[in-house]
Every structure is written in structure tokens, then in C-alpha cells.
2 protein chains.
Amino acid sequence: MELVRRTIERYVPLRDTEWQRIAPHWTEHAFSRGAFVSAVGQVEQRFYIVKSGVQRLSFPHDGQDICVGFAYDGSWSGDYASFVTRKPGQFDVVAITDSVLLGIRHEDLQRLYSELPIMERFGRLIMEELLVGRGTREIEQLSLSAEDRYDRLVARSPHLLQLVPQKDIASYLRMTPETFSRLRRKR
Amino acid sequence: MELVRRTIERYVPLRDTEWQRIAPHWTEHAFSRGAFVSAVGQVEQRFYIVKSGVQRLSFPHDGQDICVGFAYDGSWSGDYASFVTRKPGQFDVVAITDSVLLGIRHEDLQRLYSELPIMERFGRLIMEELLVGRGTREIEQLSLSAEDRYDRLVARSPHLLQLVPQKDIASYLRMTPETFSRLRRKR
DNA sequence: AGCCGTTCTTGATCCATATCAAGTGGACGT
DNA sequence: ACGTCCACTTGATATGGATCAAGAACGGCT
């Protein structure tokens, strides 16, 4: 739970009195490898911080899962779009390894937004960060070759290669597992 | 200027006293066809609402401009990522038609965020909306074929076809102008 | 109006990567 | 330890869209 406080304080300062209002709304949730944190068609109930484990964000398409991201220690997890819109989501979030997530319910977060201006600011800053991240990723997807994207992933998140099946990484890099396998061999 | 008030009120209610604090910070900016609203490498000074005209959001890549979006009447414009991070941006924003934008400077918006909680909420809601839009677009880019992406654009934003050069739309749809031209012919 | 550069069209060809197919290896449960 | 199920590899073939090329139409400027 201390992780939640540290995480929020990366964005805004928190007084003890404020933290005491915030803390009770966060709860711990364990997911075994393979379990769905969120599923297509369901409204995302919580916004999560990853305490441990790796999760895959993907959506199904012609019987395949197309992977659009991973979440791991210290990052956000869940289907933000569904959480924010309160509409059925388009993404699956699956625990790739046993995972522990810290989550807050939508209604509780909304109440905190109204009660604590500092939380509203926290929410804005997170959304800004996620939006900036998407922009960066979009540029990378469009301007880097498959091999460069692989290198970038290795450089930035080498641990993923041990934890995540190659077929998921291949999908994340927009190629078939066959192409991924052939690229690897070239190294 | 009334447009700014109406736009903000799509997200949050505004009292007259609040609006009187907000209004003075917005200014009108005219751009002729072809003019740069924002350019790669510069820090975005303002966050804009489009009063009239169409702008293209793109980034340069081996001598080509890759188009990632358009802005038009009532939508947001500018390089949000640079505006938010205060770092040199990676995108060009170019007026495709003569345009009039309503803009607020970063420092002024920050002051409003601190002074008016309702504005902080407004900021959060915009960022949420932009983030959700990106997610939707990402799914479409990845799951639809070139032909389907074309059909979808025609169905949803037919007006763009009149306003924007086909090469820009082609780039936005991730295909060459030749492929775009052939798809058109087929219909 | 007439000129010139840009955008758009159309056809021929090419290539990176997908798809199909078949075999190998490793992890996990009983 | 064994069998089963996936994940991964490797080779052969197919294909969507890119690239190259060349002409037509459009639009902005003097």
C-alpha cells in the first residue's frame, strides 16, 4: 500500500490527512498466470498500479490476439479507456505471470476527485502522461523498422524477453511468430 | 470567444464569475493555408480550439510527412505532447486551409488550474477524451485492412475528402497515394 | 488566359512479410 | 517418467501493397 502513496507522490505532494482519505479505497488483487484482469465487453471496474507481475494488453482479431502493450512493476494496468468511459472495453488484460495489483474503484476515485483537488490534479497528470506515451509509441511504430523496434524493446525492457512468450512480443512488434523467429536467428 | 465557453461547458458547468476569470486568457490566431501552427523541435506555446479551418498533425520521416491526425471545427489543435511536457515537440501542425484558432498559453492555463478546481477537472476530462480517441484509432489501424480503413473514413468523415489533399489522407490511412487512388476507383 | 509545379491516375513489376505445412523441443500435470 | 499440449523453428509458396514510371488533370500565380 505504501507503493500507492509513493506512486501518487511522484505526481503531487500529499499531506498525511489527505493520504488517510485516499488509502482506504485501494485494495490488493492477486491474479494467477493466465487470469483475466479485464476482458473485452466488460466495463473496467478499477484503475490499477502493478505491485508485481507482468500483464498483457491486447484485443482479439480473427481468432488472434493483437498485443498493444505490457504493464509491469510500478506502471499502470487495466483498460483505461473503459474505466474512463464506463463503457464495455475493447481490450483484454491478461496476467502473463502471477501478478498482484493495487486497484481503486471508479466511484471511489470520482469521490476523491471531488473531495480532494490534489487528486483531481493527480488524475490529470496521469492522463497527460499516458497520452504523451501513446504519442511517442505511435511515432516509434510508424518510423522504426521491426528490427529497430525489437532493439528498442530489448534496450528498454530486457526483462520482458524472459517473462513474455515470444508470440506476444511478435504480435506487439506487428509481425507473425515465424517472422520474429527468423529475425532472431539473424542475430 | 463564445465558442471557448461553449466548448468548456461541454465538459464542466461554468458560473459567470468563473468564465470572467477564464475568458481574458484566450486569444485568436489566424493562419493562412500552408502556415505552421507548430513545428518539430519547438515547444508548443498554446493549446488551441479550432474556430475554423483544417489542420494536419504529422511528423517527418525520410523526407516524407507521416500524417497522424486532422483537427477541424470544434476540435482541439496543436502539439499536445509538447504543450504538456514543455519539451521540443516531435510533430508539425500545418494549416491545410486558412484557419482561425483560439489559444491559451501554458502558463495561463496552469494558473487557471490552480485557481479554479473546475478547470483542473476540465483539463483531466480533455486528456481522458484524447486518450480514449487514441486507443480507438490504434485498434482500427491494427485490425482493419487498407480497404476497410478507407471505407471507415469515408463513412465517418466524408467532409475530409473535400478539404484535405488525398496524399495526406493516404498517409493518414497508412498507404501510398497510388493505393489510395486505386481504392477510390473501385467504388 | 496561360504557364508551371504539384497532385492524381493508371499500368507494370517487385518484395517483404504473411500464410501454409511439417517437424522439434520444452513445460506441466498426473 | 510419460504423454499431451503449446510454443517455437524451418522451409515452400502466395500476396497485398510498395515502388517505379509516365501521362493527365488540377490549381495557384503573374
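To find a chain, count down the sequence lines: A is the first, B the second, and so on, and within it residues start at 1. Below, each value reflects all heavy atoms present in this structure, side chains not excepted, and no hydrogens, waters or symmetry copies.
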Task: Whole-Å gap separating P (dT6(C)) and CZ (Arg33(B)) - done: 12 Å
- [ ] Rounded to the nearest 0.5 Å, what's the gap from CG on Leu14(A) to CZ on Arg21(A)? Could you check?
- [x] 11.5 Å
Open item on the list: Please determine whether a side-chain nitrogen of the Lys or Arg among Glu140(B) and Arg156(B) lies less than 4.0 Å from a carboxylate oxygen of the Asp or Glu.
Closed with: yes
Task: Whole-Å gap separating C1' (dT19(D)) and CZ (Arg174(B)) - done: 19 Å
Task: Rounded distance (Å) that lies between atom C1' of dT7(C) and atom CG of Asp65(B) - done: 15 Å
Task: Donor + acceptor pair across side chains of His29(A), Arg46(A) (<3.5 Å) - done: yes
Task: Candidate list Phe47(B), Tyr113(B), Phe83(B), test ring pair (Phe, Tyr, Trp, His ring centres under 6.0 Å), partner His106(B), passing option - done: Phe83(B)
Open item on the list: Can you confirm whether the side chains of Glu129(B) and Tyr11(B) place a donor and an acceptor under 3.5 Å from each other?
Closed with: yes
Output one line per pair: protein atom, nucleotide atom from nucleotides 8-10 of chain C, and distance, for all N/O pairs under 3.5 Å.
{"unit_1": "dC8(C)", "atom_1": "OP1", "unit_2": "Gln166(B)", "atom_2": "N", "d": "2.7"}
{"unit_1": "dC8(C)", "atom_1": "OP2", "unit_2": "Lys167(B)", "atom_2": "N", "d": "3.0"}
{"unit_1": "dT9(C)", "atom_1": "OP1", "unit_2": "Arg184(B)", "atom_2": "NH1", "d": "2.9"}
{"unit_1": "dT9(C)", "atom_1": "OP2", "unit_2": "Gln166(B)", "atom_2": "OE1", "d": "2.9"}
{"unit_1": "dT9(C)", "atom_1": "OP2", "unit_2": "Ser181(B)", "atom_2": "OG", "d": "3.0"}
{"unit_1": "dT9(C)", "atom_1": "O5'", "unit_2": "Ser181(B)", "atom_2": "OG", "d": "3.1"}
{"unit_1": "dT10(C)", "atom_1": "OP1", "unit_2": "Arg185(B)", "atom_2": "NE", "d": "3.4"}
{"unit_1": "dT10(C)", "atom_1": "OP2", "unit_2": "Arg185(B)", "atom_2": "NE", "d": "2.9"}

Open item on the list: How many whole angstroms separate atom CE of Met175(B) from atom P of dT19(D)?
Closed with: 14 Å
Task: Atom pair distance, as rounded to whole Å: CD in Gln64(A) and P in dA18(C) - done: 11 Å
TODO: Starting at CD of Glu120(B), measure out to OG of Ser114(B) and round the result to the nearest 0.5 Å.
DONE: 7.0 Å
- [ ] Flag the pair Ile104(A) / Val4(A) as yes when at least one side-chain heavy-atom distance between them is below 4.5 Å, and no otherwise.
- [x] no
Task: Terminal axis angle for the helix from dA1(C)-dT30(D) to dT30(C)-dA1(D), five pairs an end, nearest 10 degrees - done: 60°
- [ ] Grab the CD-P distance between Gln162(B) and dC26(D) for me, whole Å please.
- [x] 15 Å
Open item on the list: Whether the side chain of Gln55(B) engages the backbone of Val93(B) through a donor-acceptor N/O pair (distance < 3.5 Å, no angle test) should be reported.
Closed with: no
- [ ] Run the salt-bridge test on Arg5(B) and Asp16(B) with the 4.0 Å N-O cut-off and return the result as yes or no.
- [x] yes
Open item on the list: Could you tell me how far apart Ile96(B) (CD1) and dG27(D) (P) are, to the nearest whole angstrom?
Closed with: 15 Å
Open item on the list: What is the distance, to the nearest angstrom, from the CG atom on Asp148(B) to the C1' atom on dG16(D)?
Closed with: 13 Å
